Number of protein chains: 2
Amino acid sequence: MTTVRSILIADDHPIFRRGVRNIIEESPYYVVTAEAGDGQSAIRQLELNRFDAAVLDLAMPDRSGLQVLQWMRDNTPGTACVVLTMYADEGYLKRAFELGANGYLLKDDAHDELIRCLDVVCDGGRYVSPNVGHSRGAVLSPPDGQIDEKLSALTPAQRAVLRLVSEFKTSKEIGRELDISYRTVQNHRANICRALGLDGPNALVEFAVKEKEHL
Amino acid sequence: MTTVRSILIADDHPIFRRGVRNIIEESPYYVVTAEAGDGQSAIRQLELNRFDAAVLDLAMPDRSGLQVLQWMRDNTPGTACVVLTMYADEGYLKRAFELGANGYLLKDDAHDELIRCLDVVCDGGRYVSPNVGHSRGAVLSPPDGQIDEKLSALTPAQRAVLRLVSEFKTSKEIGRELDISYRTVQNHRANICRALGLDGPNALVEFAVKEKEHL
DNA sequence: CACAGTATGAGTACTTGTACTCATATGATC
DNA sequence: GATCATATGAGTACAAGTACTCATACTGTG
């Protein structure tokens with residue numbers, strides 16, 4: 001290794017960023033040159049400076065890690081991407097790699113593996129955390145791996161309704177809060193279900209709760 | 001301040017512990033002498049050594065932070081407790097203080113406030129993060145701050161139903177899975193609602209999802 | 001202007017959850 | 001044996017979500 005490599009950390013939890021920074025800077029070959037607390041500012045950092053690698057959380061406000069990944073694939077192909085997430089789900093893994101990720105690391109494993117992962121991806125390789133794909137929790141299975149696309153197809157009104165659905169509010173409560181008829185709310189719910197291919201009594205609530213972070 | 005104070009960190013995410021440790025050890029007056037990844041080992045650490053303060057996450061495997069708090073109140077009254085959590089919910093805050101916590105800090109705020117909080121609680125004071133109680137999400141409000149007690153009052157059959165409810169299953173699906181009539185499932189749901197003081201269309205699902213970890 | 005998309009509101013039918021009541025069977029305890 | 005808690009099943013009534021249909025109004029675009 002000839003030079004020191006610059007790293008961007010994007011995660012919405014400051015303490016978590018600090019933990020990651022601390023791990024990375026234990027190695028003399030890496031230096032964290034920027035941090036971002038949301039997807040938007042991550043992209044801004046990537047526009048301003050060049051990085052050898054970016055460590056991305058998937059669940060971030062403003063723009064999800066997946067959206068940042070997509071942006072990086074199109075704009076900063078020279079920067080390696082490591083996804084650092086809590087979700088040991090193969091669906092997320094697949095989507096991340098489809099969007100150009102070079103590494104996929106579980107937060108619980110990062111303590112021991114982050115440096116090794118960075119070594120691999122900075123040399124052009126790929127690294128996937130062990131334990132991925134064997135999580136006990138039934139994780140949302142993206143039917144065709146295009147949740148974000150479908151989500152972004154929702155109208156603003158639909159998104160507003162969906163946010164309140166994710167807080168377990170009823171159509172009446174949502175209607176009161178948005179100052180529209182509860183029938184309109186039910187229309188929005190139905191349209192969201194159709195747009196997202198959801199079916200069944202609790203499907204919408206389930207989706208809303210699980211994707212709350214990406215709304 | 002005369003001596004260096006010893007701190008225990010309990011959180012299930014290693015990177016997060018590292019971030020917290022890093023923050024704490026920026027101050028020359030504190031040193032992290034132990035870490036724990038779950039409630040059980042936190043209690044073990046507290047049995048083995050004396051600490052001036054403990055920084056506890058609420059959501060941990062094995063035993064929740066609340067259970068650790070309860071244990072500390074009865075066994076290590078000389079050790080100050082700071083709850084470090086993501087939940088800006090007054091219900092949790094109240095329960096934490098009822099169980100003897102001295103501080104309540106949001107993870108997002110900890111970066112700037114942890115040292116000040118430790119200063120306060122180690123001198124016998126109490127510290128509550130700003131922004132607590134104003135979260136946008138309607139968070140579960142424990143009517144009298146005794147969720148654990150009520151939860152343990154549930155019968156095994158009720159708990160089984162509740163677990164499946166937390167997976168967004170319908171009564172019919174639960175009936176099929178447990179091989180009982182869906183009417184029985186609905187009875188269990190109703191009884192759980194009564195036992196827990198829940199009311200409203202989505203109240204049970206909301207409760208089940210939010211307390212999934214403690215089931 | 002015509003058209004498409006969106007937001008809004010309502011009707012109808014069906015399913016599901018909630019909140020009660022009641023009944024039966026089983027197993028433990030006194 | 002009587003009693004109590006639990007589990008099981010069902011009846012009834014109402015509220016809510018789902019899944020359609022239709023209609024009106026506004027806002028852009030071509």
Side-chain angles (χ1 to χ4, degrees), chain A residues 138 140 143 149-212 215, chain B residues 137-138 140-143 147 149-212 215:
Chain A
L140 186 78
E149 287 77 351
K150 289 183 177 175
L151 259 181
S152 59
L154 294 180
T155 67
Q158 288 173 341
R159 235 189 300 275
V161 170
L162 196 50
R163 245 192 308 275
L164 295 174
V165 168
S166 79
E167 295 169 16
F168 300 94
K169 298 214 158 93
T170 67
S171 293
K172 277 190 184 172
E173 292 169 333
I174 295 173
R176 269 199 299 276
E177 190 147 333
L178 299 181
D179 203 40
I180 56 180
S181 162
Y182 81 98
R183 308 304 308 273
T184 305
V185 177
Q186 292 195 315
N187 278 335
H188 285 312
R189 294 178 85 128
N191 292 333
I192 296 169
C193 286
R194 186 170 15 224
L196 264 42
L198 297 175
D199 170 71
N202 280 327
L204 187 60
V205 186
E206 177 172 10
F207 177 88
V209 169
K210 290 187 176 171
E211 294 298 312
K212 197 184 327 196
L215 259 48
Chain B
L140 186 78
S141 68
I147 287 193
E149 288 77 350
K150 288 183 176 176
L151 258 182
S152 59
L154 294 180
T155 68
Q158 288 172 342
R159 235 189 300 272
V161 170
L162 196 51
R163 243 191 310 274
L164 294 175
V165 168
S166 79
E167 295 169 15
F168 299 94
K169 300 217 159 93
T170 66
S171 293
K172 278 189 183 173
E173 292 169 334
I174 296 173
R176 269 199 299 277
E177 190 147 334
L178 300 181
D179 203 40
I180 55 180
S181 162
Y182 81 97
R183 308 305 309 272
T184 305
V185 176
Q186 291 194 316
N187 279 333
H188 284 313
R189 293 178 86 128
N191 292 332
I192 297 170
C193 285
R194 188 171 13 226
L196 264 43
L198 297 175
D199 171 71
N202 280 327
L204 187 59
V205 185
E206 178 172 9
F207 177 89
V209 170
K210 291 188 174 169
E211 295 298 312
K212 197 185 324 197
L215 257 48

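Side chains included, hydrogens not; waters and symmetry mates left out as well; all remaining heavy atoms used. Residue numbers start from 1 in every chain, and the chains themselves are labelled A, B, ... in the order their sequence lines are given, proteins ahead of strands. If you're wondering where the values come from, they're calculated on a predicted model, not measured in any experiment.
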Colleague: In whole angstrom, what separates B:Asn191's CG from D:dG9's C1'?
Modeller: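 One finds 13 Å between C1' of D:dG9 and CG of B:Asn191, rounded.
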Colleague: Atom OH of B:Tyr182 to atom C1' of D:dT8: distance rounded to whole Å?
Modeller: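 Atom-to-atom, B:Tyr182 to D:dT8, this comes out as 14 Å.
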Colleague: Does B:Arg189 put a side-chain nitrogen or oxygen below 4.0 Å from OP1 or OP2 of C:dT18?
Modeller: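 B:Arg189 to C:dT18 OP1/OP2: side-chain N or O found under 4.0 Å.
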Colleague: Can you measure from NE2 (A:His188) to CZ (A:Arg159) and round to the nearest 0.5 angstrom?
Modeller: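 CZ of A:Arg159 is found 12.5 Å from NE2 of A:His188.
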Colleague: Looking only at the side chain of B:Cys193 (C-beta and beyond, no hydrogens), which of the listed nucleotides C:dG17, C:dA7, C:dA19 gets closest?
Modeller: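 Side chain of B:Cys193 sits closest to C:dA19.
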Colleague: Could you tell me how far apart B:Lys169 (NZ) and C:dG17 (P) are, to the nearest whole angstrom?
Modeller: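 Whole-Å distance recorded here is 13 Å.
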Colleague: With rounding to the nearest 0.5 angstrom, report the CG to CD1 distance, A:Asn187 to A:Ile180.
Modeller: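 Taking CG in A:Asn187 and CD1 in A:Ile180, the distance rounds to 9.5 Å.
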Colleague: Below the 4.0 Å mark, does C:dG17 have OP1 or OP2 next to a side-chain nitrogen or oxygen of B:Ser171?
Modeller: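 So the side chain of B:Ser171 is within the cut-off, an N or O lying under 4.0 Å from OP1 or OP2 of C:dG17.
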Colleague: Counting only side-chain heavy atoms from C-beta out, which of C:dG9, C:dG17, D:dA7 sits nearest to A:Asn187?
Modeller: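 Among the listed nucleotides, the one closest to the side chain of A:Asn187 is C:dG9.
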Colleague: Hey, could you give me the CD/NZ distance between A:Glu206 and B:Lys169, rounded to the nearest 0.5 Å?
Modeller: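 A:Glu206 atom CD to B:Lys169 atom NZ measures 9.0 Å (nearest 0.5 Å).
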Colleague: Is the distance from OP1 or OP2 of C:dA7 to the nearest side-chain N or O of A:Thr155 less than 4.0 Å?
Modeller: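 Looking at the OP1 and OP2 atoms of C:dA7, one of them is under 4.0 Å from a side-chain N or O of A:Thr155.
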Colleague: Can you see if the side chain of A:Thr184 gets near the phosphate of C:dG9 - specifically, an N or O under 4.0 Å from OP1 or OP2?
Modeller: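 For A:Thr184, the contact criterion (side-chain N or O under 4.0 Å from OP1 or OP2 of C:dG9) is met.
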Colleague: What is the distance, to the nearest angstrom, from the CZ atom on A:Phe207 to the P atom on D:dG17?
Modeller: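 Between P of D:dG17 and CZ of A:Phe207: 18 Å.
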Colleague: Whole Å only: how far is the NE2 atom of A:His188 from the C1' atom of C:dG5?
Modeller: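 In whole Å, C:dG5 C1' lies 13 Å from A:His188 NE2.
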Colleague: Out of D:dG17, C:dG9, C:dT16, which nucleotide sits closest to the side chain of B:Lys172?
Modeller: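 Ranking D:dG17, C:dG9, C:dT16 by closest atom to the B:Lys172 side chain puts C:dT16 first.
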Colleague: Find the distance B:Gln186:CD to C:dT21:P and express it as a whole number of Å.
Modeller: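 Distance, rounded to whole Å: 16 Å.
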Colleague: Does the side chain of A:Glu177 reach to within under 4.5 Å of the side chain of A:Ile174, using non-hydrogen atoms?
Modeller: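 No, too far: nothing below the 4.5 Å cut-off.
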Colleague: Round to a whole Å and report the spacing from CD1 of A:Ile180 to C1' of C:dT6.
Modeller: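 For the pair A:Ile180 CD1 and C:dT6 C1', the rounded distance is 12 Å.
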Colleague: Quick one: pull up CD in B:Glu167 and CG in B:Leu162 and give me the separation to the nearest 0.5 Å.
Modeller: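 That separation rounds to 10.5 Å.
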Colleague: At under 4.0 Å, does any side-chain N or O of B:Ser181 touch on OP1 or OP2 of D:dA10?
Modeller: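 True: B:Ser181 side-chain N/O within range (under 4.0 Å) of D:dA10 OP1/OP2.
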Colleague: Check every atom of C:dA19, D:dT18, D:dT8 against the side chain of B:Asp199 and return the nucleotide holding the closest atom.
Modeller: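 Selected nucleotide (nearest to the side chain): C:dA19.
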Colleague: Between the base of C:dT18 and the side chain of B:Arg183, is one N or O donor paired with an acceptor at under 3.5 angstrom?
Modeller: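 Counting by modelled atom types and ignoring angles, no donor-acceptor contact under 3.5 Å is found here.
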